[in-house]
Amino acid sequence: MKKIVLTVAAATLALSALTANAARPTGFVLLEKETSAEGDRYSNYLVKCSNGTTAQLTAWNNRKKWCIGEDSSENCNRKQIKAAKQACNAS
């Protein structure tokens with residue numbers, strides 16, 4: 001019984017350490033404003049992450065739709081912070 005409790009405690013501690021080290025966005029920089037071939041306006045942003053990496057986001061519809069990647073309209077979110085967290089964790 002003691003072995004099971006220790007194993008569960010160790011697994012819980014390991015999982016909490018993994019989630020605590022997840023990269024988080026620390027800053028946003030506007031790179032450029034563009035217009036697509038279809039005439040839609042969008043903006044490219046650079047996201048600085050807590051693990052020292054950077055990722056790019058594309059904002060569409062006057063920053064109502066945030067997509068991961070440069071000039072991308074896929075893998076999107078309505079909230080800037082959610083898209084930025086996903087981008088930081090992917091990089």
Side-chain angles (χ1 to χ4, degrees):
M1 184 67 169
K2 190 174 183 181
K3 272 188 168 181
I4 293 172
V5 171
L6 288 175
T7 303
V8 170
T12 304
L13 183 62
L15 284 175
S16 66
L18 286 176
T19 57
N21 291 333
R24 298 194 176 158
T26 60
F28 296 90
V29 177
L30 175 64
L31 296 177
E32 60 189 351
K33 292 183 179 183
E34 296 285 331
T35 303
S36 70
E38 294 82 25
D40 298 327
R41 297 183 62 176
Y42 65 92
S43 303
N44 284 322
Y45 288 83
L46 186 68
V47 179
K48 296 178 183 178
C49 305
S50 61
N51 62 356
T53 62
T54 59
Q56 287 195 345
L57 292 180
T58 303
W60 297 88
N61 299 340
N62 291 325
R63 297 183 312 211
K64 292 181 182 174
K65 179 178 171 185
W66 293 87
C67 304
I68 299 171
E70 180 181 1
D71 306 334
S72 175
S73 61
E74 297 178 10
N75 198 8
C76 301
N77 203 306
R78 290 179 47 184
K79 303 273 184 184
Q80 178 189 34
I81 193 69
K82 285 185 180 182
K85 283 180 183 179
Q86 289 175 346
C88 284
N89 287 326
S91 62

If two hydrophobic side chains count as joined below 4.5 Å and joins carry through other members, does I68 share a cluster with I81?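 No, I68 does not connect to I81 through the hydrophobic network.
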
Restricting to non-hydrogen atoms, name the atom on C67 and the atom on E74 that form the minimum distance, rounded to 0.1 Å.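 Heavy atoms only, the tightest pair is CB-O, 3.6 Å.
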
Looking only at non-hydrogen atoms, find the nearest pair between S72 and T58 and report the distance.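 So the two residues come closest at N-OG1, 3.3 Å.
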
Can you check whether W66 reaches W60 side chain to side chain, under 4.5 Å on heavy atoms?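 W66 vs W60: side chains apart.
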
pair V47-Q56: side-chain heavy atoms closer than 4.5 Å: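 No, their side chains stay 4.5 Å or more apart.
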
Would you check if the side chain of [X] reaches a backbone N or O of [Y] as a donor-acceptor pair within less than 3.5 Å?
| X | Y | result |
| --- | --- | --- |
| T53 | C49 | no |
| S36 | D40 | yes |
| S50 | R24 | yes |
| N89 | K85 | yes |
| S43 | K33 | no |

Kindly compute the distance separating [atom1] ([X]) from [atom2] ([Y]), expressed to the nearest 0.5 Å.
| X | Y | atom1 | atom2 | result |
| --- | --- | --- | --- | --- |
| T54 | L46 | OG1 | CG | 5.0 Å |
| K65 | L57 | NZ | CG | 13.5 Å |
| L30 | R63 | CG | CZ | 9.0 Å |

CD (E32) with more than 12 external heavy atoms under 6.0 Å: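 Atom CD in E32 is crowded, with more than 12 foreign heavy atoms closer than 6.0 Å.
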
Using side chain to side chain donor-acceptor pair (under 3.5 Å) as the criterion, list what pairs up with Y42, not counting sequence neighbours.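 Side chain to side chain donor-acceptor pair (under 3.5 Å) list for Y42, sorted by chain: D71.
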
Step by step, work out the side chain to side chain contact (heavy atoms under 4.5 Å, CB included) result for Q86 and N75. CA-CA 10 Å; Q86 289 175 346; N75 198 8; 4.2 Å; yes

